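Note sheet for the following structure.
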There are 2 protein chains.
Amino acid sequence: MTASRALRGAPDVSRENIDKVERAARETGYVGNPLATAFSNSKSNLIGVVVPSLNNIVFAEVMSGIAQGIDGSGLKPMFGVTDYDPVKEFELIKSLLSWNPAGLILTGLDQSEETRDLLSVAAVPVVQIMDTDGDALGAAIGFSHFQAGREMAQALIARGRRRFGYVGCGLANDLRAGRRLEGFKSALDAAGLALVAMRHDPEHSSTEAGRRITAEILHAHPDLDCIYYSNDDVALGGVFSCLAQGIAVGDALLLAGFNGLEMTRTLPVRIATTITPRRQIGFAAGRYLVEAKQGAPMRPNHKTVLPTVLSLP
Amino acid sequence: MTASRALRGAPDVSRENIDKVERAARETGYVGNPLATAFSNSKSNLIGVVVPSLNNIVFAEVMSGIAQGIDGSGLKPMFGVTDYDPVKEFELIKSLLSWNPAGLILTGLDQSEETRDLLSVAAVPVVQIMDTDGDALGAAIGFSHFQAGREMAQALIARGRRRFGYVGCGLANDLRAGRRLEGFKSALDAAGLALVAMRHDPEHSSTEAGRRITAEILHAHPDLDCIYYSNDDVALGGVFSCLAQGIAVGDALLLAGFNGLEMTRTLPVRIATTITPRRQIGFAAGRYLVEAKQGAPMRPNHKTVLPTVLSLP
DNA sequence: TTGAAAGCGCTAACAC
DNA sequence: GTGTTAGCGCTTTCAA
């Protein structure tokens with residue numbers, strides 16, 4: 001028992017014994033068994049990370065931020081991919097919970113009723129990342145997608161744009177892209193404007209779809225002076241479509257994406273985008289769970305809104 | 001015991017009792033405790049996934065493939081990022097091993113001596129992904145980077161290219177990029193050619209670096225007719241550099257990358273690239289561990305070479 | 001400040 | 001085919 005106490009830094013162990021134990025541990029190459037610890041106190045140093053997709057660099061960067069945020073804490077991340085399927089998400093969270101994790105990092109605020117029930121029973125620290133539009137279960141760390149869409153529209157209007165098109169992919173699943181669109185439209189509406197044209201593609205977002213749909217929408221509406229995209233991946237397709245057709249991007253036609261991927265800054269033409277703090281979000285989510293593990297008070301329903309930055313040509 | 005046997009499908013339980021147990025489990029909402037199971041038989045359903053970086057879409061896609069490969073098997077992936085640091089890799093693997101994982105998926109064949117020792121003691125199924133140039137510890141699933149570089153050079157020579165430049169990022173860490181370069185040079189050599197110019201950047205690969213270094217190398221060597229890049233991210237920067245300067249890509253100057261990112265197919269110009277089966281690699285690695293869990297014989301030192309595909313303009 | 005006892009939920013080994 | 005026993009390595013609780 002004294003050894004157990006000494007090794008995990010419990011109070012009330014004599015200096016002398018702490019030294020003895022540490023020396024012995026070093027000499028024998030002792031390493032604790034986290035499985036036994038987790039089993040014994042029904043709380044593991046595992047955390048669950050649930051993302052909708054890994055086909056996009058965005059969630060990889062979030063996970064990279066999480067890894068940084070928990071570095072050195074002894075927490076180990078387990079991950080699962082939902083493919084934007086609420087049923088998969090439920091099953092995933094259920095199986096993650098069976099490991100008695102020290103916390104859960106979920107994407108978005110739109111978990112199903114069933115999932116919310118499961119989590120409220122579990123009494124595990126939960127962080128919902130990326131989004132702050134809606135009711136948070138645990139701590140929410142992210143930003144308002146509605147607001148992001150609105151700000152982009154306002155900025156574009158201020159730059160004199162009037163004839164707006166929208167090109168999106170996978171909106172049925174990607175609810176946050178939907179909210180950006182809502183915000184965008186609300187700002188247009190407030191300015192007495194409306195979308196001139198709008199095209200979706202049911203597939204996952206891709207530059208290929210962006211390129212194709214941009215060609216279509218411009219063919220049908222050659223008088224657009226601005227296109228808003230569901231994200232930068234799709235917007236890059238738009239850029240390539242215009243480059244291939246010799247349409248001057250940024251001048252007669254402004255393109256606007258979302259995320260602020262590094263590539264938007266190295267293109268031969270400039271596009272508008274919203275730079276999102278995705279690495280910071282992951283980092284903050286990781287830190288939150290580290291602090292929760294160390295006994296910090298949890299902040300259910302508390303939203304941390306991190307700033308996004310508009311990048312305009 | 002009968003319930004325990006019935007629930008995990010052990011043999012020698014009567015049909016009648018299996019039904020009874022399953023019914024009771026359903027009625028009471030029983031879910032097993034994987035922590036107890038793992039603790040009891042010192043073998044968990046966790047697997048460890050170690051990647052060098054998550055700033056690149058490539059490893060995100062690999063992880064996506066892994067998630068698919070283990071789907072439905074009950075295995076749960078834990079992940080860690082090494083930042084190409086062998087010491088971090090060692091520590092990470094050590095801490096992963098303390099969870100008695102059902103297997104480990106590591107990137108590359110270049111683990112340190114210390115790490116190899118650790119793994120040989122552990123008696124855990126190991127899959128090394130992405131690379132097959134070198135000595136495999138466990139099962140290796142990937143392809144030869146040397147060969148990929150060589151084939152690219154051969155194809156480019158066959159297309160009449162003669163004055164080659166090379167632009168790379170982070171070669172000190174990214175040993176696989178280094179081997180592609182070696183393969184590339186070996187083919188040049190065999191054809192009586194050599195690199196005319198070569199520039200590295202110590203940073204991580206990025207389109208920004210690619211753009212900058214391409215401008216530099218072309219300024220110093222305007223007579224190059226082909227540039228080979230350490231990967232597509234860097235090559236895209238090269239494309240943007242050329243587009244910005246009005247240099248016709250694909251004609252007087254051919255650019256060649258590596259990975260076959262989707263974007264290389266939607267650019268307004270065509271570049272050469274090697275399409276790598278990264279999702280399949282992840283999937284196969286996941287499947288291998290599922291099979292190992294189910295008692296399939298392990299294949300230490302066995303290499304599975306998956307085909308890469310040259311994509312040329 | 002230290003230690004003894006008991007138990008976390010499961011499974012391997014053995015007896016029936 | 002089923003049940004009993006013991007133990008995995010740790011921590012909580014309680015007594016000293």
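Everything numeric here is computed off the predicted structure, so don't read it as measured data. Per chain, numbering begins at 1; letters A, B, ... match sequence-line order.
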Residue-phosphate contact under 4.0 Å: A:Arg8 side-chain N/O, D:dG9 OP1/OP2: no
Nearest-Å distance for atom pair CG/P, residues B:Leu7 and C:dG9: 15 Å
A:Ser205 side chain to A:Asn231 side chain, donor-acceptor N/O pair below 3.5 angstrom: yes
Closest contact, heavy atoms only, A:Leu171 versus A:Gly178: CD2-N, 4.2 Å
Atom of B:Ala140, atom of B:Asp131 and distance for their closest heavy-atom approach: CB-O, 4.0 Å
Nucleotide C:dT11, atom C1' - distance to CG of B:Asn33 in whole Å: 13 Å
side-chain N/O A:Asn17 vs C:dT2 OP1/OP2, d < 4.0 Å: yes
Whole angstrom value for the distance that separates C1' of D:dG3 from CG of B:Asp12: 14 Å
Gap between atoms NZ and P, on B:Lys43 and D:dG7 respectively (whole Å): 23 Å
Atom-to-atom span, CG of A:Asn100 to C1' of C:dC10 - whole angstrom: 14 Å
B:Phe39 ring over D:dC8 six-membered base ring, under 5.5 Å and 30°: yes
Check: D:dG3 base within 3.5 Å donor-acceptor of B:Arg5 side chain: yes
Position toward the 5' end of DNA chain D (nearest nucleotide), B:Ser14 or B:Asn41: B:Ser14
Minimum-distance nucleotide (side-chain atoms of A:Met1 versus C:dT11, C:dA4, D:dT2): C:dA4
Phosphate OP1/OP2 of C:dC10: any B:Tyr30 side-chain N/O under 4.0 Å: yes
Value in whole Å for how far the P atom of C:dC10 lies from CG of B:Leu35: 11 Å
Nearest non-hydrogen partners of B:Val290 and B:Gly69, listed with the distance: CG2-O, 3.9 Å
Which residue lies more 5' along DNA chain D, comparing A:Gly32 with B:Val13 via nearest heavy atoms: B:Val13
B:Thr2 vs D:dT2: side-chain N/O to OP1/OP2 distance below 4.0 Å: no
Distance-only donor-acceptor test (3.5 Å): side chain B:Thr37, base C:dC10: no
Nearest heavy-atom neighbours spanning B:Val305 and B:Phe143: CG1-CA, 4.2 Å
Candidates D:dT11, C:dT11, D:dT2 - which lies nearest the side chain of B:Ser40: C:dT11
